[in-house]
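Letters A, B, ... mirror the listed sequences (proteins, then strands); counts begin at 1.
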Amino acid sequence: MKIATWNVNSLRVRLEQVIEWLERVKPDVLGLQETKMTDENFPASAFEERGYTTVFSGQPTYNGVALISRRPPQDVTMELNGFSDPQKRVLGATFDNVRIFNLYVPNGQSVDSDKYEYKLKWLNALDAQLQAEVQSHELVLAMGDFNIAPEDPDVHDPATWEGKVLCSPKERTALTKIKSVGYIDTFRLFEQPEKSFSWWDYRAAAFRRNMGMRIDLILASKKLSDLCTGCSIDVEPRKNERPSDHAPVIAEFRDI
DNA sequence: ATGGTCGATAGTCGA
């Protein structure tokens, strides 16, 4: 099973690129973030025509998540337990015996912002949810734009970014807590090139200079991680004309 | 020079 995550920063603008990528990479499940569209505008038929089922949770202008999959999703959820939120950032679904969460974690803006407090509360609710999920399912996957660079090697310039949003201790601790209940960052299960990033700011020619961060993650429960045969970032779409500022991340699993 | 560039949307906000 091939599972991928991609923050597309507007599905309206990126639809053609997503379709092209789907046909090249052929994932079984693709989680999209920042679709930035309402459900009535979701281009479900473009995916259905290519043999994919869709489920989506959107709103005007901001946020929005979707799951594109070969097989139909079951037990779909669009919220974290006990955390009612008008911002559409969560899509959970079961595919065969794998419970998958597609997530758009709040950015937080800056550590002194109200949005940062919201990010920390949101991560706390995510931790509770993912703890509960490993009690009821053996195979759990949490993927998406985490808006957290887990460690300094995931940052192009750790000194400049020290303590800043995406790298601050509180959010890194929140991610560590999620890992401590049995989730593994599948990217780090394998040898990877140095300076591997998944997001590069549009400004200052950041991509050309590889001034990026690895903030798009695929976490797997221990049992699922034992089946993981690879995880990689596909930088090719970031080279497109009018690219998303994020690259897709892909993980592969055997026997599921 | 305290910026830079996108996307959604129509003056700014969010990333």
Given 3.5 Å as the limit, does a donor-acceptor pair link the side chain of A:Thr94 with the main chain of A:Asp75, or not? no

Enumerate the residues from residues 206-217 of chain A whose closest heavy atom to DNA chain B is under 4.0 Å, giving them by residue number; use none for an empty result. none

Check residues 249-256 of chain A and write down every donor-acceptor pair under 3.5 Å in which the side-chain atom is one partner and the other belongs to a residue at least two apart or another chain.
from     : atom 1 : to       : atom 2 : distance (Å)
A:Arg254 : NH2    : A:Asp226 : O      : 3.1

Under the side chain to side chain donor-acceptor pair (under 3.5 Å) rule, collect the residues that match up with A:Thr176, sequence neighbours excluded. none

Whole Å only: how far is the CG atom of A:Asp245 from the C1' atom of B:dG14? 11 Å

Distance-minimising heavy-atom pair for A:Leu103 and A:Ala142: CD1-CB, 4.1 Å

Could you tell me the separation between the CG atom of A:Asn7 and the P atom of B:dG14, rounded to a whole number of Å? 17 Å

Can you check the distance between B:dT2 and B:dA10, where both ends of the measurement are the P atom (answer in whole Å)? 29 Å

Looking at CG of A:Leu80 and CD of A:Gln129, how far apart are the two atoms once the value is rounded to the nearest 0.5 Å? 5.5 Å

Under 3.5 Å, N/O pairs linking protein and nucleotides 1-7 of chain B:
from  : atom 1 : to       : atom 2 : distance (Å)
B:dG7 : OP1    : A:Arg14  : NH1    : 2.9
B:dG7 : OP1    : A:Arg14  : NH2    : 3.3
B:dG7 : OP2    : A:Arg242 : NH2    : 2.9
B:dG7 : O3'    : A:Ser10  : OG     : 3.3

Gap in Å between the two C1' atoms, one belonging to B:dT12 and one to B:dA1, rounded: 22 Å

Rounded to whole Å, CH2 of A:Trp200 lies from C1' of B:dA15 at a distance of 16 Å

Could you check A:Arg89, A:Lys88, A:Gln87, A:Glu34 and say which one makes a side chain to side chain donor-acceptor pair (under 3.5 Å) with A:Tyr104? A:Glu34

Using the salt bridge (Lys or Arg N to Asp or Glu O under 4.0 Å) rule, collect all pairs that involve residues 105-121 of chain A, keeping only residues at least two apart or in two chains. A:Lys119-A:Glu171

Please report, rounded to the nearest Å, how far the C1' atom of B:dG14 is from the CD atom of A:Gln59. 12 Å

What is the distance, to the nearest angstrom, from the CH2 atom on A:Trp199 to the P atom on B:dG14? 17 Å

Partner of A:Gln33 under side chain to side chain donor-acceptor pair (under 3.5 Å), chosen from A:Thr5, A:Asp145, A:Asn147, A:Asn7: A:Thr5

First encountered from the 5' end of DNA chain B, between A:Arg12 and A:Pro106: A:Arg12

Rounded to whole Å, the CD-C1' distance (A:Gln87 to B:dG14) equals 11 Å

In chain order, what residues pass the ring pair (Phe, Tyr, Trp, His ring centres under 6.0 Å) check against A:Phe207, with sequence neighbours excluded? A:Trp200

